Amino acid sequence: MSTKDYLEKDYYAVLGVPKTATPDEIKKAYRKLARQYHPDTNQGDAAKETKFKEVSEAYDVLSDSKRRKEYDEARTLFGSGVGGQRPGGGGFPFDFGDLFGGTAGQQGGGGAGERLGDLFGGLFNRGGGGGGTTRTTSATRPRRGQDVESEVTLSFTEAVEGTTVSLRLTSSAACAACTGTGAKAGTTPRVCPTCEGTGAASRNLGNFAFSEPCRDCKGRGLIVDDPCPVCEGSGRAKSTRTIQARIPAGVADGQRVKLKAKGAPGENGGPAGDLYILAHVKPHAVFGRTGENLTITVPVTFTEAALGAEIKVPILKGMPVTLRIPAGTPNGRTFRVRGRGVTRKDGTKGDLLASVEVVVPQTLDDKSRELLTEFNTATAGDDPRADLIQRARSE
Ligand SMILES: [Zn+2]
Ligand SMILES: [Zn+2]
């Protein structure tokens, strides 16, 4: 709702109530008229539909005590019953164009036709050309593309090393059939008379003006009479494209990767939106991961742990590395293999954490049993539970 609306439209007359009407009287009058003109009961009757809109608009303002007060004040301040006169045409203390910070002030010559020409530039092949006033409606203003969300499932290795994935993205773009105007091919949207193409409406109270999107054109600055059948007048269409997206090394399961400016393309020279990719990472049969470190459990025999050994440990990519297990290594001890973990942002790598797990032979041949029995006899003095029972009792 603009100040201009407030001054040009007599909402009391639309609802057929006096200026002194109570909220109840306003509601009653509205209900009666709304029933009478409702589109559901007047299929295809454009005149009645217009009337219905007028009635709704009037009720919107007059039923809201705050807005009714603003409306009354605006009309008291600037006079009422102006009817159809253009701003600057006389009688107004100032130009509305100044209020909107827009371009409505430059109305020198020319009617709507000339303004359309300015708006659509090349669409109208008008000779000569006027004063070269540049107008911008919100429909032709640069617009940033939408942010787009996508998901990807990576193998464990791809996540650790980084990879490039192919993504099919669906986003909203300007409708190709109407080049985003929303008007049927061969027709042109007209400049919204309410906001005069600025897309902004100003609600005015005394010396203060609040700008808000124009309600009649929903901020587009244009009104479409004959909508494009492809996009149903929205001017928007779904577009599908395939892009190659680089997933950096070190992505964790459930992490969102932001790729700047890889979202929907901008319009009218606006920047592209961003692309957010939710990464799912499949588990690995052997390796685990804690942050920037990889983990692995390495089985060792009792004798390797007891005597010490050099064992081969696999790494995620490349030849296995040799790990020295010192004599007397307890079960579960973790060894750090430097630089064999996950690639960090700066290109350096985390570590591989190898934990040993002592395995007990499930079966023994005669020779092994004989030797182990001998070993048992030799170590009979070492009782690992020597003070266990004692300690258990002391508490
Ligand atoms: Zn279209
Ligand atoms: Zn408008």
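Being a predicted model, the structure only gives us computed values, none of them experimental. Hydrogens, waters and symmetry mates are skipped; everything else that's a heavy atom, side chains included, is used. For this chain, numbers begin at 1 and follow the sequence in order. Both ligands and their constituent atoms are indexed starting at 1 by order of listing.
Checked by atom type and distance alone, the side chain of D351 never pairs as donor or acceptor with a backbone atom of N293 at under 3.5 Å.
Every side chain to side chain contact (heavy atoms under 4.5 Å, CB included) that V298 has, sequence neighbours left out, goes to I296, I311, V313, A354.
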### Task
Start with the C-alpha distance between T329 and R333, add both sets of side-chain angles, then the distance that settles side chain to side chain donor-acceptor pair (under 3.5 Å), and finish with yes or no.
CA-CA 7 Å; T329 293; R333 171 161 291 179; 5.2 Å; no

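Ring geometry for Y30 versus Y59: interplanar angle under 30°, hence parallel rather than tilted (30 to 60°).
Closest non-hydrogen pair, P229 versus K184, comes out as CD-CG, 3.9 Å.
A donor-acceptor contact closer than 3.5 angstrom is absent between the side chains of T297 and S355.
Around the Zn ion (ligand 1), the two atoms SG of C231 and SG of C178 are separated by an angle of 110°, to 10 degrees.
Each protein N, O or S atom less than 2.8 Å from the Zn ion (ligand 2) was counted, giving 4.
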